[in-house]
Number of protein chains: 2
Amino acid sequence: MHQLSPEMIEELSGFFRLLGEPARLRLMCEIRNGNSDVATLMDRTGFSQSHLSRQLGQLQKAGLVQVERDGNRSLYTATDPVVEAICQLAQERLMNHLRQRLDSLNVA
Amino acid sequence: MHQLSPEMIEELSGFFRLLGEPARLRLMCEIRNGNSDVATLMDRTGFSQSHLSRQLGQLQKAGLVQVERDGNRSLYTATDPVVEAICQLAQERLMNHLRQRLDSLNVA
DNA sequence: CGGCATAATGCCTGTATCGGCATAGGGGAG
DNA sequence: CTCCCCTATGCCGATACAGGCATTATGCCG
């Protein structure tokens with residue numbers, strides 16, 4: 001890390017804030033699982049069209065997803081697999097944290 | 001990832017939301033750099049005492065930092081080094097993303 | 001015990017943002 | 001050109017939360 005600049009802090013927290021919204025994190029997961037045209041996303045998530053469009057717009061602006069136009073449809077794909085890796089690490093952190101709390105209760 | 005449960009989505013986004021606040025991300029960085037008693041943190045960040053206390057409280061509740069009481073002082077330490085790894089990945093993602101956009105401009 | 005330092009909490013306000021409804025833009029098919 | 005479908009955006013109400021001020025809680029020392 002080596003002391004991040006304020007600009008980097010701002011950028012990184014902006015990135016994390018995107019994933020900090022359950023709807024958007026959900027979208028990232030759905031998109032990663034293929035079949036990511038908007039109709040399918042609406043169907044699988046139950047989000048309204050406008051909601052979906054906004055969130056996808058934000059994800060795209062940050063470069064987390066790419067959009068590919070097919071006529072008047074839009075196909076979304078995840079841009080960078082590292083996002084998935086980050087989620088994986090976050091998951092492991094959570095599990096470890098809970099496991100440690102559990103253990104500390106058992107010992108005490 | 002393999003299709004995360006709604007509960008996991010909620011937990012993960014909660015974690016990301018913590019880092020999504022510049023003040024808290026800043027704190028995590030400062031704490032990682034050692035010397036993390038509250039007075040020092042106030043000094044280095046310029047945050048007010050109440051603000052600091054609240055943010056540290058949230059980080060602690062999520063298990064991102066640990067607090068060790070020394071008399072009436074509090075020493076904060078980062079709990080899990082994986083958080084740093086996550087920041088590192090996020091940084092690399094950002095750089096890659098910007099580099100790609102730059103390249104695409106040069107080619108076009 | 002009474003003052004003093006440090007940390008946590010109640011209360012409050014301002015601001016950001018989620019997310020719905022309605023509307024506008026833009027590309028096919030007739 | 002016109003209708004229709006899909007997506008994006010303006011507007012707005014509700015809600016969440018940052019962050020300040022004042023107060024309280026907690027542990028130190030005289």
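In what follows, chains carry the letters A, B, and so on, assigned in the order in which the sequence lines appear, proteins first and then strands, with residues in each chain numbered from 1.
- Judged by closest nucleotide on DNA chain C, Arg73(B) is the one of His51(B) and Arg73(B) placed further toward the 5' end.
- A salt bridge links Arg26(A) with Glu30(A): the closest approach of a Lys/Arg side-chain nitrogen to an acidic carboxylate oxygen falls below 4.0 angstrom.
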Could you go over nucleotides 28-30 of chain D and give all protein N or O partners under 3.5 Å, atom names and distances?
none

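- In this structure, CG of Asp37(A) is placed 11 Å from C1' of dC6(D), rounded to the nearest angstrom.
- Between the side chains of Thr40(B) and Asp37(B), at least one donor N or O lies within less than 3.5 Å of an accepting N or O.
- Taking 4.5 Å as the limit, every side-chain heavy atom of Glu84(B) sits out of range of all side-chain heavy atoms of Cys87(B).
- Nucleic acid contact class of Ser53(A) (heavy atoms, under 4.0 Å, all strands): base.
- If you measure from atom CG of Leu75(B) to atom C1' of dA7(C), you get 13 Å, rounded to the nearest angstrom.
- Applying the 4.0 Å criterion to OP1 and OP2 of dA16(C), one finds that Arg17(A) has every side-chain N and O outside that range.
- Proximity of Ser50(B) to the phosphate of dG20(D): no side-chain N or O atom is located under 4.0 Å from OP1 or OP2.
- A distance of 10.5 Å separates CG of Leu89(B) from CG of Asn96(B), quoted to the nearest 0.5 Å.
- Note on Val67(B): it does not cluster hydrophobically with Leu75(B), by side-chain heavy-atom contacts below 4.5 Å among ILVMFWY residues.
- Taking 3.5 Å as the limit, the base of dA18(D) and the side chain of Glu21(B) contain no donor-acceptor pair of atoms between them.
- The CG-P distance, from Leu18(B) to dC17(D), rounds to 10 Å in whole Å.
- Interface remark: the Arg54(A) side chain does form a donor-acceptor pair with the dG20(C) base, using a distance-only criterion of under 3.5 Å.
- For dA8(C), the base has a donor-acceptor partner in the side chain of Gln49(B) [N/O atoms by modelled type, under 3.5 angstrom].
- The NZ-P distance, from Lys61(B) to dA7(C), rounds to 20 Å in whole Å.
- We find that CZ of Phe47(A) is positioned 9 Å from P of dG20(C), with the value rounded to whole Å.
- Put simply, CD on Glu68(A) is 14 Å from P on dT7(D), counting in whole angstrom units.
- The shortest distance between side-chain heavy atoms of Arg93(B) and Phe15(A) falls below 4.5 Å.
- Here dG28(C) presents its P atom at 11 Å from CZ of Arg69(A), a figure rounded to the nearest Å.
- dG30(D) and dC1(C) make up a base pair, with Watson-Crick or G-U wobble contacts both under 3.5 Å.
- Between Met28(B) and Val65(B) there is a side-chain heavy-atom pair separated by less than 4.5 Å.
- Between Gln58(A) and dC18(C) there is a side-chain N or O to OP1 or OP2 distance below 4.0 Å.
- With rounding to whole Å, Phe16(A) atom CZ is found 20 Å from dT17(C) atom C1'.
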